[in-house]
Amino acid sequence: MLTALLGTKLGMTQYIHEDGTVSAVTALRVGPCTVTQIKSATTDGYDAVQIGYQDTPERKLTQPRRGHLSKNGIAPLRHLREVRAQEGQTPEVGAVITADMVFQPGELVDLTARSKGKGFAGGVKRWHFRGGPKTHGQGDRWRAPGSIGAGTTPGRVRKGLKMAGQMGNKRTTQKSGLIVAVDAGRNLLFVRGSAPGAPDGLVLVRKKASR
């Protein structure tokens with residue numbers, strides 16, 4: 001069976017356990033996902049399973065995407081991703097995979113999504129810098145980043161230096177989320193804690209790799 005599925009983040013809520021305790025959880029609608037292609041080491045150089053998620057009108061797909069799906073008789077799908085399959089359990093093209101077929105309560109999962117965009121932010125907000133001294137006449141340096149490099153050597157600003165800029169709106173992974181419950185009828189996963197991204201955003205839910 002597969003090790004990951006695509007889903008949608010619905011939002012946060014509370015889950016009441018049988019013993020009366022309450023957990024803060026994120027509700028995710030995971031699947032159903034359709035297997036659209038099987039890749040193998042002999043033909044593609046690596047092993048993977050391509051899955052599709054979320055129905056969409058055919059007019060919203062590019063011509064190559066439309067042809068790729070239609071040749072196997074698969075309805076138009078908005079999102080395609082490649083995931084791994086467990087050894088010896090590769091599904092067939094056209095198979096529909098639901099959340100309860102892959103995930104069980106008590107498992108740990110990694111959640112990958114595009115984080116919320118915060119716009120242009122300074123160093124204090126973006127990187128949690130301390131800022132400059134608050135006394136001795138430093139009236140305009142409270143939230144300044146400080147030195148960004150020496151003048152003679154290297155004589156330039158090094159690449160990757162933490163500075164002001166676009167905050168958020170990038171692919172991020174939140175690791176080791178505990179699956180509290182699985183609602184098979186509605187393809188819902190309840191994962192303890194928060195999840196990256198905005199509500200209705202696309203989320204890749206992947207089984208935690210065992211060490």
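Everything numeric in this text was worked out from a predicted model, so none of it was measured. Residues take their numbers from the sequence shown, with the count starting at 1.
Under the side-chain hydrogen bond (donor to acceptor under 3.5 Å, both in side chains) criterion, Gln63 pairs with Arg66, not counting sequence neighbours. Evaluation of the side-chain hydrogen bond (donor to acceptor under 3.5 Å, both in side chains) rule for Thr172 yields no partner, not counting sequence neighbours. Scanning for side-chain hydrogen bond (donor to acceptor under 3.5 Å, both in side chains) contacts around Thr42 gives Ser40, with sequence neighbours left out. Scanning for side-chain hydrogen bond (donor to acceptor under 3.5 Å, both in side chains) contacts around Thr173 gives Thr112, with sequence neighbours left out.
The two atoms that bring Asn187 and Pro32 nearest to each other are ND2-CD, 3.5 Å, heavy atoms only. The heavy-atom pair separating Pro196 from Ala113 by the smallest distance is O-CB, 3.6 Å. Minimum heavy-atom separation, Asp47 to Ala41: OD1-N, 2.9 Å. Nearest heavy-atom pair across Ala85 and Thr3 is C-CG2, 4.4 Å. Scanning both residues, Phe190 and Ala27, for their nearest heavy atoms gives CE2-CB, 3.9 Å. What you find for Ala198 and Lys9 is that their closest heavy atoms are O-CD, 3.9 Å.
Residue-environment remark: CG (Leu161) exceeds the threshold of 12 foreign heavy atoms within 6.0 Å. Within 6.0 Å of the CZ atom in Arg192, the count of heavy atoms belonging to other residues, nucleotides or ligands does not exceed 12.
Judged as a side-chain hydrogen bond (donor to acceptor under 3.5 Å, both in side chains), the pairs with a partner in residues 13-31 (not counting sequence neighbours) are, in order, His17-Ser23, Asp19-Thr21. Applying the side-chain hydrogen bond (donor to acceptor under 3.5 Å, both in side chains) rule to pairs touching residues 158-170 yields nothing, sequence neighbours excluded. Listed by first and then second residue, the side-chain hydrogen bond (donor to acceptor under 3.5 Å, both in side chains) pairs that reach into residues 97-106 are Thr98-Asp100, sequence neighbours excluded. Note on residues 34-72: no pairs pass ring-ring contact (aromatic ring centres under 6.0 Å, His included), not counting sequence neighbours.
Hydrophobic clustering, with ILVMFWY side chains joined whenever heavy atoms are under 4.5 angstrom apart, keeps Phe103 apart from Val25. Hydrophobic clustering, with ILVMFWY side chains joined whenever heavy atoms are under 4.5 angstrom apart, groups Met101 together with Val93.
By the 4.5 Å heavy-atom criterion applied to side chains, Leu80 and Leu69 are counted as neighbours. Using a 4.5 Å heavy-atom threshold, the side chains of Thr36 and Asn72 count as separate. Using a 4.5 Å cut-off on side-chain heavy atoms (C-beta onward), Gln54 and Leu202 make no contact. By the 4.5 Å heavy-atom criterion applied to side chains, Leu77 and Thr56 are not counted as neighbours. Proximity of Lys207 to Val102: side-chain heavy atoms (C-beta onward) are separated by under 4.5 Å at one or more points. Residues Val83 and Leu6 have side chains not in contact (no heavy-atom distance under 4.5 Å, counting atoms from C-beta outward).
The CD atom of Glu82 sits 6.0 Å away from the CD atom of Gln50 when rounded to the nearest 0.5 Å. Separating the CG atom in Leu5 from the CD1 atom in Ile97 is a distance of 7.5 Å, to the nearest 0.5 Å. Between Arg156 atom CZ and Ile148 atom CD1 the span is 12.0 Å, to the nearest 0.5 Å. For the atom pair CD of Glu92 and CD1 of Ile38, the computed distance is 8.5 Å after rounding to the nearest 0.5 Å. Between Asp110 atom CG and Gln174 atom CD the span is 9.5 Å, to the nearest 0.5 Å. Rounded to the nearest 0.5 angstrom, Cys33 SG and His79 NE2 are separated by 10.0 Å.
In summary, of the residues considered (Thr8, Leu10, Leu111, Leu188), a side-chain contact (heavy atoms from CB on, under 4.5 Å) with Leu28 occurs for Leu111 alone.
Within the hydrophobic cluster formed by Ile, Leu, Val, Met, Phe, Trp and Tyr side chains joined at under 4.5 Å, directly or through other members, Met12 stands alone, with no partner residue. Cluster partners of Trp127, by chain and number: Val124, Phe129. The rule joins Ile, Leu, Val, Met, Phe, Trp and Tyr whenever side-chain heavy atoms lie under 4.5 Å apart.
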List, one per line, each side-chain donor-acceptor pair under 3.5 Å for residues 175-184, sequence neighbours excluded.
| residue | atom | partner | partner atom | Å |
| --- | --- | --- | --- | --- |
| Ser176 | OG | Lys208 | NZ | 3.3 |
| Asp183 | OD1 | Gly185 | N | 3.2 |
| Asp183 | OD1 | Arg186 | N | 3.3 |
| Asp183 | OD2 | Arg186 | NE | 2.8 |
| Asp183 | OD2 | Arg186 | NH2 | 3.0 |

Would you list the atom pairs, donor with acceptor, under 3.5 Å between side chains in residues 130-147 and any protein atom, with sequence neighbours excluded?
| residue | atom | partner | partner atom | Å |
| --- | --- | --- | --- | --- |
| Lys134 | NZ | Gly132 | O | 2.9 |
| Trp142 | NE1 | Gln138 | O | 2.8 |
| Ser147 | OG | Gly149 | N | 3.3 |

